[in-house]
Asks: 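Here it is, the structure, as C-alpha cells.
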Amino acid sequence: MRVLLIGSGGREHALALALVADPAVTAVIAAPGNPGIGTVAELRDVDALDPTAVAALAVECRVDLVVVGPEAPLVAGVADAVRAKGIACFGPSGEAARLEGSKAFAKDVMAAAGVPTARSYAGDDPALIRNALDEFGPPYVVKNDGLAAGKGVVVTEDRAAAETHAAACGRVVVEEYLDGPEVSLLVVTDGQTALPLLPAQDFKRVGDGDTGPNTGGMGAYAPLPWAPPDLTETVMSTVVGPTLSEMRRRGTPFAGCLYVGLALTRRGPRVVEFNARFGDPETQVVLPLLETPLATLLYAAATGDLGAHDPLRWRDGSAVVVVVAADGYPGTVRSGDPIEGAFASGVIHSGTSTVDGVPVSAGGRVVGCTGTGHDLASARSAAYELVDQVSLEGSHHRRDIALAAVESRITLG
Ligand code: AMP
C-alpha cells in the first residue's frame, strides 16, 4: 500500500512512524512533512489547505490511501477532493469536520444527540454573553467559535478578562465550567463502526501545576491507570454512538478520527470538545502502544470496512511525551535556533525545519520527547531522559507531565 500523509507536525511524525511500521505499506510520502518525518518518508511540497493540489498530488504519487493529519485541511474539504478522484482518504468530509471547525455546530449536534456536555450559550450578542456569564458563574469559560489551534479558549475567574476575550472573538461559546480530570478518547470510525484507541491525558496549560495560558498541549500519557474501568465503554455508548448516528441522520456521516475531549465530573463524563482528527500530542503516546498495523486500520475506516476489522491489539506498558517548546510559547515565539539531539530515537518533530542540514526550531512546540516503559513511572523517566538530551536555547517544558498519575494523586471531580 502506498500512503500519502498530509501535515507537518508532531502528530504527523507519530503517524508516519506507525504507517511505515505496517508490513502492508510499501511507501509513505509526506507533504509537506518535516525533517523528522523525512527520516522515514519521502517529502513532497504541497499547500495542505488547497484541496485541488492535494488531490492532484495523490494522483501523481499513485497512492492507495491519503491520511490527513491536521484539522484545517479537513475543514477546507481536502478529504472530499481526494475521494472525488477515487482515492481512499482517512479523514472526514468538510461538512463533517465542522464538529471541530465550529464549536457552536458541535454543541448543536450534541444537544440533538443527547450527549452529556456543559450547558452553553453560542452567539455574539454582548447582553446575552453577559447573561450567560452571570448564569454559569466563575470560573468563566469563553471559547472562540472557529478554529483556533486549541488556543481560542479562556478559562478564568476574572470576569473582566472573560468579557474582554468574548469581545475580541466576536462569535463565542460561553460554557458552564466542568470540574474533573480531563481525558482524550480517540476513536477510529468509518461513520458506522467505531473502534476506540486507549484513553490518554494531555496537559493544556503551559506551566507546571496547570498554571498559565492554554497551549496546543505540553505533554501526554497513556493509558490512564486511574480511569474508571468502564470509561471507554461509557463514552462509546453515551457519546460516540449517538454523535455518529446524529451525523448520519443529518446526511453528513463522520468518518475518520473522532477525538472526544472529556471532563470526568462527579456526574459522569462530559464532553469538553470534539476534534475531527488525531490529537496532538496524544497521538505520540497512543500510537507507540498500538500493535495493530495502522495503515491497514485507517484504510478499512476510509473504505467503510471497519465492521470486518479485527479488534485492536495493544502492547503492554505505558507511553509519555514531554513537549519542548520554544522561547515565548504560547505567545510570540523565537525560531531559527539550532536543536541538538533532534534525531534521537523517540524525538518527535513538531515545529522544526533545517538550515544547511542543521535542524532548527520553526514553531511553538518544537519537539516531543516520547518514552515507553513497562509502567507509567518508567515511561516517564525515559521521556525526561530524552528531554535532557535535547538542547534548544531558551526552550521550556513542563516538569510534571504524568506526575500526578504516577503518584496516584488524581481523583475524579
Ligand atoms: P477546547 O478547545 O474546547 O478543548 O478547550 C481547551 C481547554 O480549555 C480544554 O482542554 C479544557 O482544559 C478547558 N476547557 C474548555 N471547556 C471547559 C469547560 N466547560 N470547563 C472547564 N474547562 C474547560
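Note that the structure is predicted; figures quoted are calculated from it, not measured. Just so you know, ligand 1 is whichever comes first in the structure, and atom 1 is the first atom listed for that ligand. Atoms considered below: every heavy atom in the structure, side chains included; atoms not considered: hydrogens, waters and symmetry mates. The first residue in the sequence is number 1, and the count goes up from there.
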Asks: Charged N to carboxylate O under 4.0 angstrom, E135 versus R119?
Replies: yes
Asks: Can you name the atoms of ligand 1, numbered from 1 with element, that are less than 4.0 Å from a heavy atom of L178?
Replies: 18 (C), 19 (N), 20 (N), 21 (C)
Asks: By number and element, which atoms of ligand 1 are closer than 4.0 Å to a non-hydrogen atom of E182?
Replies: 9 (C), 10 (O), 11 (C), 12 (O)
Asks: Looking at residues at least two apart in the chain, or sitting in another chain, which of them share a side-chain contact (heavy atoms from CB on, under 4.5 Å) with P242?
Replies: A113, V115
Asks: With atoms numbered from 1 as shown, which atoms in ligand 1 lie under 4.0 angstrom from a non-hydrogen atom of K103?
Replies: 1 (P), 2 (O), 3 (O)
Asks: Kindly compute the distance separating CD (E282) from CG (L185), expressed to the nearest 0.5 Å.
Replies: 10.5 Å
Asks: Kindly check if the number of other-residue, nucleotide or ligand heavy atoms within 6.0 Å of OH (Y299) is above 12?
Replies: no
Asks: Kindly identify the option in K204, E273, R119 whose heavy atom sits closest to atom 4 (O) of ligand 1.
Replies: E273
Asks: Can you tell me which portion of N214 lies within the under-4.0 Å heavy-atom range of ligand 1? Options are side chain, backbone, both, or neither.
Replies: side chain
Asks: Counting only nitrogen or oxygen atoms and a 3.5 angstrom limit, does Y177 reach ligand 1?
Replies: no
Asks: Regarding K143 and D145, does a basic nitrogen lie under 4.0 Å from an acidic carboxylate oxygen?
Replies: no
Asks: Got a sec, which residues hit side-chain contact (heavy atoms from CB on, under 4.5 Å) with V206, two or more places apart in sequence or on another chain?
Replies: P213, T215, M218, P330, H396
Asks: For K143, take its heavy atoms, then give the atoms of ligand 1 lying under 4.0 Å from any of them.
Replies: 3 (O), 15 (C), 16 (N)
Asks: Could you establish whether E176 and ligand 1 come within less than 4.0 Å of each other, counting only heavy atoms on the residue side?
Replies: yes
Asks: Suppose I only count heavy atoms of V272 and a 4.0 Å limit; which atoms of ligand 1 are within that range?
Replies: 3 (O), 9 (C), 14 (N), 15 (C), 16 (N), 17 (C)
Asks: State the atoms of ligand 1, each with its element, that fall below the 4.0 Å cut-off from a heavy-atom position in E175.
Replies: 16 (N), 18 (C), 19 (N)
Asks: Set out, in order, the CA-CA distance, both residues' side-chain angles and the distance that settles side chain to side chain donor-acceptor pair (under 3.5 Å) for Q201 and Y221, then state yes or no.
Replies: CA-CA 6 Å; Q201 187 172 50; Y221 66 95; 2.6 Å; yes
